Student: 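Sharing a structure with you now.
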Amino acid sequence: MKIGFALVVAGILAISLCAQEKPAADSGKASSPGKSPAMLAATPPMGWNSWDGYGTTIDEKEYRANVDWFAKNLKASGWKYVTIDMEWFVTNPVPEGNSKTFEYSLDKNGRYTPDENRFPSAKSGAGFKPLADYVHSLGLKFGIHILRGIPKQAVEKNLSIAGTKFHAADAADTSDTCPWNHDNYGLNASKPAAQAYYDSLFKLYASWGVDLIKVDCIASHPYKGDEIRILSQALKKSGRAIALSLSPGPAPVEKVDEMRQYAQMWRISDDIWDLWHSTVQYPQGLGDQFQNVAKWAGLGKPGRWPDADMLPLGYLGPAPGWEKARQTRLSHDEQRLLMTLWCIFPSPLMVGGRLPSADDWTLSLLTNPEVLAMDQHSTGNHPVVSTDKTVVWRAESTTSKAHYIAVFNISEASEKIHYDWKDLGLPPGNYKLRDLWTHKDLASAGAVKVELPSHASVLYRVVSVHETK
């Protein structure tokens with residue numbers, strides 16, 4: 001696949017890379033009046049999402065199994081969020097979702113509630129609170145997916161909006177529906193009833209103990225800036241610190257300031273699945289993502305992260321959101337390339353697949369402390385070389401004097417790659433190299449010289465021989 005970046009990279013290098021802000025600690029509670037709010041997502045969020053393994057079919061038993069594995073195997077490496085993806089309120093789900101024949105569970109105020117057959121702990125109006133309490137008891141954070149707007153069924157029945165004089169029909173824009181999903185009508189953001197509906201929705205979610213909400217059909221095809229704004233306002237009123245993730249992509253780069261104002265993360269591409277290249281919009285392939293991350297290089301900042309999408313690793317089953325259950329079709333080299341690209345970008349990390357079925361290789365990808373440190377604590381992240389065969393990214397550590405260099409072979413054949421330090425924007429001289437995937441210190445070198453198989457990569461921590469660390 002040929003990736004013609006020259007003009008894109010030239011433009012990116014002309015952008016002033018964002019200044020790092022001092023991160024504040026994450027908090028599960030809203031700030032007290034008069035105090036500055038704690039920063040949500042001070043570093044790129046790390047977690048698990050049910051979509052790649054279960055589509056819309058996740059149930060409580062399987063969710064708890066994934067949470068338990070996550071707590072045992074990933075929590076110590078900094079992973080926090082465990083998220084139930086779309087249509088958890090559907091009583092007759094199918095993996096790919098978006099069916100016109102779905103039946104729904106709603107409360108009397110037109111808000112979706114968990115299907116009690118799939119989530120037995122939700123009975124008697126408990127909602128997701130029992131599950132969230134369990135997640136919190138393990139020191140983790142609980143997330144859910146929703147679609148923007150208001151349930152069509154709530155509008156058809158004209159249900160009352162909790163705590164207000166409004167009804168669902170007062171809030172809805174029945175001319176606005178998601179192009180690929182049939183559940184909801186859009187909201188008319190200019191109507192007080194629309195704000196009131198979102199206020200009621202997020203107060204409910206806050207009472208459940210939700211920590212992250214992924215909102216779909218809002219960041220691209222179509223982009224809905226007004227709904228993003230009223231969503232954010234409702235979250236601020238909810239009484240709980242809840243991170244906002246916007247989906248799907250590609251979100252428009254020209255709207256970056258607006259998204260930074262209202263959300264913690266936003267998708268920069270359509271769904272990435274386990275293939276190298278795609279000729280259609282959905283799904284996208286791993287190799288296609290190089291163009292997208294280049295456009296967004298340098299635009300992430302603490303609390304505000306462009307999101308390169310989920311990690312389709314391990315066992316994508318038993319009922320994935322796309323195609324049949326399978327082990328990921330990405331080769332080991334491609335899986336390592338994916339993690340390297342996401343982490344040097346840097347992106348939020350949301351792994352998919354059924355975690356209890358993960359093998360040792362998958363676990364090693366997700367728990368490499370040196371690679372994860374780059375994702376969580378780096379700055380100045382940008383491509384320095386982009387050809388139809390080779391891409392090289394560079395970043396700087398925020399905790400030491402080290403540089404990071406990631407080299408990617410995007411061609412279909414093995415490539416011998418050689419770049420002097422000046423080609424990568426570093427002063428000439430000798431540098432100490434450490435291979436972060438193999439945990440090996442290499443001989444000091446005056447250039448980067450490596451031979452890589454097709455779709456392989458290497459990731460170095462680089463320190464001048466004149467520096468102490």
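What you see is a predicted model, and the numbers here were worked out from it, not measured in a lab. What's counted below: heavy atoms across the whole structure, side chains too, no hydrogens, waters or symmetry copies. In this chain, residues are counted from 1 in sequence order.
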Student: Measuring from L365:CG to L372:CG, what's the distance to the nearest 0.5 Å?
Tutor: 10.0 Å
Student: For W88 and T56, does a side-chain donor sit closer than 3.5 Å to a side-chain acceptor?
Tutor: no
Student: Verify whether one side chain among Q195 and D199 offers a donor that lies under 3.5 Å from an acceptor in the other.
Tutor: yes
Student: With a 3.5 Å cut-off and no angle check, do the side chains of S160 and N109 form a donor-acceptor pair?
Tutor: yes
Student: As an exercise, state the distance from OG of S200 to CD1 of I150, rounded to the nearest 0.5 Å.
Tutor: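 Atom-to-atom, S200:OG and I150:CD1 are 8.0 Å apart.
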Student: Specify whether W48 and Y54 have parallel, tilted or perpendicular ring planes, treating 30° as the upper limit for parallel and 60° as the lower limit for perpendicular.
Tutor: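 Correct class here is perpendicular.
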Student: So, the side chain of S247 versus the backbone of V215: is there a donor-acceptor pair under 3.5 Å, distance only?
Tutor: no
Student: Are R326 and D274 close enough for a salt bridge, meaning some N to O gap below 4.0 Å?
Tutor: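 Yes, this pair counts.
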Student: To the nearest 0.5 Å, tell me how far T398 OG1 sits from M374 CE.
Tutor: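 Here the interatomic distance stands at 12.0 Å.
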Student: Do you know which two heavy atoms are closest between G314 and T362, and how far apart they sit?
Tutor: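 So the minimum-distance heavy-atom pair works out to CA-OG1, 3.7 Å.
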Student: Assign the ring pair F70 / W79 to parallel, tilted or perpendicular, where the plane angle (0 to 90°) is split at 30° and 60°.
Tutor: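 The rings of F70 and W79 stand perpendicular, inter-plane angle above 60°.
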Student: Is the backbone N or O of P222 less than 3.5 Å from a side-chain atom of S220, with the two atoms forming a donor-acceptor pair by type?
Tutor: no
Student: For residues Y223 and E258, is any side-chain donor paired with an opposing acceptor at under 3.5 Å?
Tutor: yes
Student: Taking Q284 for its side chain and I272 for its backbone only, find out whether a donor-acceptor pair lies under 3.5 Å.
Tutor: no
Student: Can D170 and K165 be counted as an ion pair, charged N to O under 4.0 angstrom?
Tutor: no
Student: Could you tell me whether the side chains of S378 and E396 share a donor-acceptor contact shorter than 3.5 Å?
Tutor: no
Student: Does the side chain of D68 come under 3.5 Å of the side chain of Y134 through a donor N or O and an acceptor N or O?
Tutor: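 Result is yes, a qualifying pair exists.
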Student: Could you verify whether a donor N or O on one side chain and an acceptor N or O on the other, from S105 and E116, lie under 3.5 Å apart?
Tutor: no
Student: Can you tell whether the side chains of R148 and E227 come within less than 4.0 Å, N to carboxylate O?
Tutor: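 A salt bridge links R148 with E227.
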Student: May I have the step-by-step check of side-chain hydrogen bond (donor to acceptor under 3.5 Å, both in side chains) for Q335 and W361, ending in yes or no?
Tutor: CA-CA 10 Å; Q335 293 174 54; W361 165 262; 3.0 Å; yes
Student: Enter the distance from I218:CD1 to L246:CG here, rounded to the nearest 0.5 Å.
Tutor: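 CG of L246 is found 6.0 Å from CD1 of I218.
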Student: Measuring centre to centre across the rings, with the benzene-like ring taken for any Trp, is F408 within less than 6.0 Å of F290?
Tutor: yes
Student: Would you please classify the geometry between the H455 ring and the W276 ring as parallel, tilted or perpendicular, with 30° and 60° separating the classes?
Tutor: parallel
Student: Do E60 and R64 meet the salt-bridge criterion of a basic N to acidic O distance under 4.0 Å?
Tutor: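 A salt bridge is present here (some side-chain N lies under 4.0 Å from a carboxylate O).
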Student: So, the side chain of E103 versus the backbone of N92: is there a donor-acceptor pair under 3.5 Å, distance only?
Tutor: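 Answer holds: no.
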Student: Going through the checks in order, is the side-chain hydrogen bond (donor to acceptor under 3.5 Å, both in side chains) test met by H277 and D288?
Tutor: CA-CA 6 Å; H277 174 53; D288 304 315; 2.6 Å; yes
Student: Between D59 and R118, is the closest basic N to carboxylate O distance under 4.0 Å?
Tutor: no
Student: Do D52 and R354 sit within salt-bridge range, that is, some charged N less than 4.0 Å from a carboxylate O?
Tutor: no
Student: Drop me the distance from R267's CZ to D216's CG, to the nearest 0.5 angstrom.
Tutor: 7.5 Å
Student: Do D183 and Y104 pair up side chain to side chain, a donor and an acceptor below 3.5 Å, judged on atom types alone?
Tutor: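 Yes, a side-chain donor-acceptor pair sits under 3.5 Å.
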Student: May I ask you to decide whether D333 forms a salt bridge with R336, counting only side-chain N to carboxylate O separations under 4.0 Å?
Tutor: no
Student: For the backbone of G186 and the side chain of D173, can you confirm whether one donor and one acceptor N or O come within less than 3.5 Å of each other?
Tutor: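 No: the side chain of D173 does not pair with the backbone of G186.
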Student: Looking only at side chains, do E87 and N181 share a donor and an acceptor under 3.5 Å apart?
Tutor: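 The answer is yes; a qualifying pair exists.
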Student: Taking atom types as modelled, is there a side-chain donor on H136 or D211 under 3.5 Å from an acceptor on the other?
Tutor: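 There is such a pair (donor and acceptor under 3.5 Å, judged by atom type) between the side chains of H136 and D211.
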Student: Measure from the side-chain N and O atoms of D271 to the backbone N and O of Y282, and report whether any donor-acceptor pair falls under 3.5 Å.
Tutor: no
Student: Drop me the distance from I161's CD1 to H167's NE2, to the nearest 0.5 angstrom.
Tutor: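 Reported value, rounded in 0.5 Å steps: 8.5 Å.
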Student: Ignoring hydrogens and geometry, is there a side-chain-to-backbone donor-acceptor pair from Y197 to F166 under 3.5 Å?
Tutor: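 No, Y197 side chain to F166 backbone: no donor-acceptor pair under 3.5 Å.
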Student: Counting N and O atoms only, with roles assigned by atom type, does the side chain of E334 sit under 3.5 Å from a partner on the main chain of A456, one being a donor and the other an acceptor?
Tutor: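 Checking the backbone N and O of A456 against the side chain of E334, no donor-acceptor pair under 3.5 Å is found.
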Student: In terms of side-chain heavy atoms, does W273 have a donor or acceptor partner in E323 at a distance below 3.5 Å?
Tutor: no
